[in-house]
Structures are given as structure tokens and as C-alpha cells.
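Everything below concerns the one structure shown next.
Every value quoted in this text rests on a predicted model; they were computed, and no experiment measured them. Letters A, B, ... mirror the listed sequences (proteins, then strands); counts begin at 1.
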Amino acid sequence: MAETINSVRGMRDILPRETKIWQIVEREAFNVIEEFGFEEIRVPVVEELRLFQRSVGSFTDIVQKEMYVFKDKGDRLLALRPEATASVVRAYLQHQLHAKKRVTRLYYSGPMFRYDRPQKGRYRQFYQIGAEIFGGESPYFDAELIVILSRILNRLKVSHYSFEINSVGCDRCKIEYSNILQKFLILRANELCQDCQTRLRHNVLRVLDCKVVSCRDIIKDVPSIQQILCDGCKKHQQTIYNCLMNHNIQFIENSHLVRGLDYYTMTVFELKINGEETAVAGGGRYNNLVKDLGGPHTPAAGFAIGMDRLCDLVAPETKEGIEILVFFLGDKALQQGTILINNSRIEGIKLILDYNERSLKNHLKVADREEAKHVLILGDDELVENCFLYRNMKDGSQKHIKFDQFSNFLKGLKNV
RNA sequence: GUGGGUGUAGCUCAGCGGAUAGAGCGCCAGACUGUGGCUCUGGAUGCCGGGGGUUCAAAUCCCCUCACCCACCCCA
């Protein structure tokens, strides 16, 4: 036997048992998102490396150590997308969507790639469904995103979740707070971990969610960003909170929540399942990204759902469609029966043909093992009578169905 | 990138220096030739993840490697 080849590290197959759940999750998520007026956009998986350096940030972990980067035959420096917001903004600008509508709501879904060590709920190829709002300044847009996420979870019957929310401040607050933080931390720079020393120079805010004990010790003395926020930022945040409370959505303020992408301004949030560390979805506001990527000043906000993680939380649907297992006794029955069946198929009923030659007994054994509920038998005896033999595997009852009544019979089954 | 765990039959796992590598479940066949579930009988199946080493002898001990799982970093 030849050597078998397996999928590469961190990239997995999603098998039928799971794709059933994925289909449910996708359906519900798309439904909710569309109910809020979002339209689908499909963007490439490959982009210029520069796009992610400029949006996600050159000094983020994502860009520095987790990206799949390669050169194509034309010597272009490309990357597999580690996230999709950058691509959506790129497309938004490339096609001048900003000129067509004041507020543009877009959503996407598809695989993302990060060269990470795989572990629970984390893969090198993982899937996100995301939504972005362009041209919306109001805090109600931020809240809308969170309401959408909450509705999706509710439809999927996932409870025990809550949102963590913070503000990293508007342009001015973000800079002011960064300065305060920098001044404060620089005094004790030698006590910080290696990573935080570089963060100190390139992205101070990230020091806030460092998990190293010695760093945490220093961080706890740092003034909270909540004390620094300007009136505008405070009001923005408070409006979101009020809105969420009125929607009965659980959330807590986490003043250390920063997120690893540089483009966020003001609102950042994560969706967490109670008792779990990793977030199922995350997002926030990015008022400067469109401008930074060469467009007009356009306030925007969005979220991304980690599908691999969300699907782990959803129970499979219990009600299943009608499936009928069909088998034949003898070659003549097989020949004629196959045609008859294929010509009578109707929507909503699965007719699964078994072409194997077995004794009736063994056929029923197989049907039993595969937990078939309905079985259709066609053998010589039936053929001369122009009928199928239908057997209900649950109660063992059976009856003959004339060929010309077969379609009606199927319709009848559907309505039971 | 760092740390820990695990790789033996299709699946779950036992065996942890000694003979032909086992169990349960599953699979195939028969008892029972057109009526399933229960029972009984028989059967097939393994590069013991891969490579190297130690040894009279390796699934078992050592080294390397790959994969998976878990945690950290980071993120969805």
C-alpha cells in the first residue's frame, strides 16, 4: 500500500458530523446579519503584504510572527490574510463604495491564516464571519454590532456569554494615554519583561494585557484609561452601555482590554463564554483605518466571529429530515427500480440507493445498523405487481405502494 | 517561539525488555436461501507514527524526527 498523505499542521478537515453544525451556524449568522441590512462582500484570500502591515500594524504579533508570507512568480510580496477587515477596507476604497452611500454595511465569511501553534479552538486555517460598518460615527453603530452578535448566539441557543468592553480612546485620548503610560513605565522599564520593553517603544497599550506577573504588578499602579478619556469618548462609551442595558445584554467593562490589532480607536469588545479564557468573537471601532489606507476620513466599526470556536458550542439539530433507504433484490429490480426512484424524487425527502447485492435479511440488518427509519424494497415479487414494498423500521409495519402512487406516497410521508 | 502529554487493529484502549502483540466495540460469513434488532459459532485486520542506536532479544530502554492534544505568548 502506498504511503498516505495527511493534512498539514493546523489545517483540518471538517467532516459531515460537524459540517451539519457549521451549516446551522452559518445560516443563522447570515440571517441575522442580513436582517440588519448588511450585504455580502467576497474578497481574496491573498493580498499584498503591505496591506496588513499598514492596517493590522507592523509591530503586532500577527504581522511579525504569524503571517504566511511568500513571493509569487512575478516577485510580488504577498500574504495569506490573517484577518479580513483590511481586505474589506481595501475593496471599499478600490471600488469607491464610500461615494455610493453614507453608511455602508458589509459582511464576509471565509478562511483566515495565522502561523500559530495549534490548540483548542485554534487552527492555522480558521474561519471567520465578520461584519463592518463604514461611515457611522454614532455609538449606536457600535452597539448594533454587539446586538447582532448577541442575537446570533441567542438563535443558536448559546447562553452563558457576556461581552467585555473597553475604550482605547479617540485619536487624542489614545495618544495622551499612551504618553502617560510611556512616561510611567519608562521609569520602571528594566522591571518589564522583554516583550513589554519593545511594546513600550512601539505600542505601549499592549503592555496593559501582558500576563507576566512582574508586569502585572507594575500595571496595577498605572492610571486606568477610563480616568483619561475625554468627554466625547466617555459619552460615546456611556451611550453604548445604556443601549446594551436596554437590550438586556450582559457586559462588563474591562479597562485592560486592548486587542492585538493597531487600528482600533475608542470602542473595543470581545465576546466571551462564561468560564472560558478565549474569545469567540471580537471587534471594535477603527475610525482612522480607512484614512490610513488612503481613503477619506470614514469612521467605521466591525466584528469578527471565530467560527471554529462558535461551532464548538452549538449542539447538533435534533430533528432530521426524512431519509428512505432503498434496496433491490436481483438485477432486474435494480435496473428498473433505479430509474423509477430517480424519476420520482421530490424536494425534502432523501432517497438513498443501496446497489449492493444482499439477501433480504442482510439488507434489513444493514438498514437496522444504519438506523434507517424508512426502507423501500424492490424484488421480483414486487416487480410483477408493479409496486414497492415499504417497511417502517420502527414498528415493523409494511405496505405495498403501486409505482403510479409512489409520488403521492412521498408527499404523504412529508406531511406526517 | 516556549513548556507538558500522547502515538499499538476501522474506533476506544491494554501490554512497558523475552516466545506467534491482545481485549471490547465495529466489520465479514454462517446458524436463519424474502423479513432487522437478541443470541451463538467461525473469520479477516496491524511497517506497535517514522528513522537511528543499545541488546543474544525492543511495541517496551536511549537519541532524533513527524503528527495530534493541552497550556503559555497571541488571537477568533
Side-chain angles (χ1 to χ4, degrees), chain A residues 1-12 56-57 59-67 81-85 109-130 149 193-196 198-199 203 206 209-213 215 257-261 268-273 276-284 302-313 325 327-330 333 356-375 377-383 389-398:
Chain A
M1 218 157 55
E3 184 196 5
T4 57
I5 299 173
N6 294 111
S7 62
V8 313
R9 178 151 220 221
M11 309 208 176
R12 59 165 178 161
V56 176
F59 292 99
T60 57
D61 283 17
I62 293 175
V63 169
Q64 284 218 310
K65 49 180 218 193
E66 292 173 6
M67 228 172 4
R81 61 180 184 198
E83 60 116 43
T85 300
S109 86
M112 310 295 158
F113 303 86
R114 288 182 203 170
Y115 193 88
D116 243 6
R117 222 18 139 59
Q119 66 186 57
K120 190 180 179 65
R122 195 159 74 192
Y123 306 93
R124 289 183 175 178
Q125 174 172 337
F126 61 101
Y127 297 83
Q128 289 186 335
I129 290 180
L149 286 171
C193 73
Q194 208 59 52
D195 286 340
C196 282
T198 45
R199 285 175 187 141
N203 191 351
R206 300 292 315 291
D209 66 357
C210 183
K211 271 90 183 175
V212 177
V213 195
C215 295
L257 180 65
V258 171
R259 305 187 51 75
L261 295 86
V268 292
F269 59 84
E270 286 185 352
L271 168 58
K272 286 195 170 170
I273 300 303
E276 304 261 337
E277 253 313 301
T278 48
V280 171
F303 68 71
I305 303 170
M307 288 295 285
D308 307 79
R309 290 173 184 182
L310 180 54
C311 288
D312 272 353
L313 302 170
L325 187 63
F327 59 76
F328 308 94
L329 302 168
N356 281 313
E357 281 204 44
R358 288 194 200 88
S359 65
L360 176 64
K361 171 187 282 296
N362 283 333
H363 264 125
L364 286 172
K365 233 179 216 173
V366 170
D368 183 58
R369 206 184 308 127
E370 294 180 359
E371 295 179 326
K373 308 251 183 332
H374 312 277
V375 155
I377 303 156
L378 185 65
D380 293 338
D381 296 359
E382 286 76 24
L383 219 47
L389 179 62
Y390 164 79
R391 180 175 175 86
N392 180 323
M393 294 295 282
K394 250 183 170 162
D395 57 22
S397 66
Q398 42 186 51

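- Heavy atoms of A:Thr278 sit under 4.0 angstrom from at least one base atom.
- The gap from the P atom of B:rC72 to that of B:rA44 amounts to 49 Å, rounded to the nearest Å.
- A:Ala367 comes within 4.0 angstrom of no nucleic acid atom, judged by non-hydrogen atoms across all strands.
- For A:Arg122, the side-chain hydrogen bond (donor to acceptor under 3.5 Å, both in side chains) test picks out A:Asp116, A:Gln119, with sequence neighbours left out.
- Taking atom C1' on both B:rC25 and B:rC63, the two are 37 Å apart, rounded to the nearest angstrom.
- Residues satisfying the ring pair (Phe, Tyr, Trp, His ring centres under 6.0 Å) criterion with A:Tyr127, sequence neighbours excluded, are A:Trp22.
- Atom CG of A:Asp395 is separated from atom C1' of B:rG36 by 13 Å (rounded to the nearest Å).
- With sequence neighbours excluded, the residues that form a ring pair (Phe, Tyr, Trp, His ring centres under 6.0 Å) with A:Phe327 are A:His363.
- No side-chain heavy atom of A:Phe328 sits less than 4.5 Å from a side-chain heavy atom of A:Glu357.
- Nucleic acid contact for A:Arg206: sugar-phosphate only, since backbone atoms but no base atoms lie under 4.0 Å from a heavy atom of the residue.
- Residue A:Gln119 places at least one side-chain N or O under 4.0 Å from the OP1 or OP2 atom of B:rA71.
- Pair check for B:rG34 finds none; no Watson-Crick or G-U wobble contact set falls under 3.5 Å.
- Note: CD (A:Glu277) to P (B:rC74) measures 11 Å, nearest angstrom.
- Between the NZ atom of A:Lys120 and the C1' atom of B:rA76 there is a distance of 14 Å, rounded to whole Å.
- The partner of B:rU6, taking Watson-Crick or G-U wobble pairs whose two distances both stay under 3.5 Å, is B:rA67.
- Comparing the same atom, C1', in B:rC47 and in B:rA21 gives a spacing of 14 Å after rounding to whole Å.
- Side-chain N or O atoms of A:Glu276 include none that pairs as donor or acceptor with a backbone N or O of A:Ile273 at under 3.5 Å.
- Here the P atom of nucleotide B:rG26 and the CD atom of A:Glu371 are 12 Å apart, to the nearest Å.
- If you check B:rU20 for Watson-Crick or wobble pairing at under 3.5 angstrom, you find it has no partner at all.
- Among residues two or more places apart in sequence or in another chain, the side-chain hydrogen bond (donor to acceptor under 3.5 Å, both in side chains) test is passed with A:Ser397 by A:Asp395.
- Judged as a side-chain hydrogen bond (donor to acceptor under 3.5 Å, both in side chains), and not counting sequence neighbours, the contacts of A:Asn362 are A:Ser359.
- B:rC74 atom P lies 24 Å from atom CZ of A:Phe113, rounded to whole Å.
- Within 4.0 Å of A:Gly121, counting heavy atoms only, lies at least one base atom of the nucleic acid.
- Ranking B:rG37, B:rA76, B:rC74 by closeness to the A:Asp368 side chain, first place goes to B:rG37.
- Summarising the base pairing, B:rC73 is matched to no nucleotide, lacking a Watson-Crick or G-U wobble pair whose two defining distances lie under 3.5 Å.
- As rounded to whole Å, 9 Å separates atom C1' of B:rA76 from atom CD1 of A:Ile62.
- For A:Gln398, the side chain to side chain contact (heavy atoms under 4.5 Å, CB included) partners at least two apart in sequence or on another chain are A:Leu389, A:Arg391.
- Under the Watson-Crick or G-U wobble criterion, with both distances below 3.5 Å, B:rU55 is left unpaired in every strand shown.
- To the nearest 0.5 angstrom, A:Ile62 atom CD1 is 6.5 Å from A:Glu83 atom CD.
- Here the separation of B:rU8 from B:rA23, taken at their C1' atoms, is 13 Å to the nearest Å.
- B:rC69 sits 24 Å from B:rU60 when the P atoms are compared, rounded to a whole Å.
- Regarding contacts with the backbone of B:rA76, a side-chain N or O of A:Arg259 is found under 4.0 angstrom from either OP1 or OP2.
- By the 6.0 Å and 45° rule, A:Arg12 stacks over the aromatic ring of A:Tyr123.
- Of the candidate nucleotides B:rG34, B:rA76, B:rU35, B:rU35 has the atom lying nearest to any side-chain atom of A:Arg391.
- Across every strand in view, B:rA29 sits in a pair with B:rU41 that passes the Watson-Crick or G-U test at under 3.5 angstrom.
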Measure all distances between protein nitrogen or oxygen atoms and nitrogen or oxygen atoms of nucleotides 6-11 of chain B, and list the pairs falling under 3.5 Å.
none

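- Applying the side chain to side chain contact (heavy atoms under 4.5 Å, CB included) rule to A:Val366 yields the partners A:Arg358, A:Arg369, A:Glu370; only residues at least two apart in sequence or on another chain are considered.
- A:Ala367 pairs by the side chain to side chain contact (heavy atoms under 4.5 Å, CB included) definition with A:Leu325, A:Ala372, A:Val375, A:Met393, not counting sequence neighbours.
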Contacts under 3.5 Å, N or O only, protein and nucleotides 1-5 of chain B:
{"residue": "B:rU2", "atom": "O4", "partner": "A:Arg117", "partner atom": "NH1", "Å": "2.7"}
{"residue": "B:rG3", "atom": "O6", "partner": "A:Arg117", "partner atom": "NH1", "Å": "3.2"}

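- The side-chain heavy atoms of A:Arg124 and A:Tyr115, taken from C-beta on, include a pair separated by under 4.5 Å.
- A:Glu66 pairs by the side-chain hydrogen bond (donor to acceptor under 3.5 Å, both in side chains) definition with nothing, not counting sequence neighbours.
- In this structure, A:Glu382 reaches the bases: a heavy-atom distance under 4.0 Å links it to at least one base atom across the strands shown.
- Within the nucleic acid shown, A:Met112 has no heavy atom closer than 4.0 Å to any nucleic acid atom.
- In this structure, A:Met11 and A:Met307 both approach RNA chain B, and ranking their closest nucleotides by distance from the 5' end singles out A:Met11.
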Are there any protein N/O atoms within less than 3.5 Å of an N/O atom in nucleotides 29-33 of chain B, and if so, which ones and at what distance?
{"residue": "B:rC32", "atom": "O2", "partner": "A:Lys361", "partner atom": "NZ", "Å": "2.6"}

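- Rounded to the nearest 0.5 angstrom, A:Phe113 CZ and A:Met11 CE are separated by 6.0 Å.
- Of the P atoms belonging to B:rU6 and B:rC74, the separation is 28 Å, rounded to the nearest Å.
- The interatomic distance linking A:Leu378 (CG) with B:rU35 (P) rounds to 17 Å, in whole Å.
- With rounding to whole Å, A:Leu310 atom CG is found 10 Å from B:rA76 atom C1'.
- A:Gly10 comes within 4.0 angstrom of the backbone, heavy atoms only, and of no base.
- Taking atom P on both B:rA19 and B:rC48, the two are 16 Å apart, rounded to the nearest angstrom.
- For the pair A:Glu66 and A:Val8, both in contact range of RNA chain B, the more 5′-proximal nearest nucleotide belongs to A:Val8.
- Here A:Leu261 lies in heavy-atom contact (under 4.0 Å) with sugar-phosphate atoms only.
- Side-chain atoms of A:Gln398 and base atoms of B:rG34 include no donor and acceptor less than 3.5 Å apart.
- Across B:rG34 and B:rG26, the matching P atoms stand 25 Å from one another, rounded to whole Å.
- Within the 4.0 angstrom heavy-atom criterion, base atoms lie near A:Gly379.
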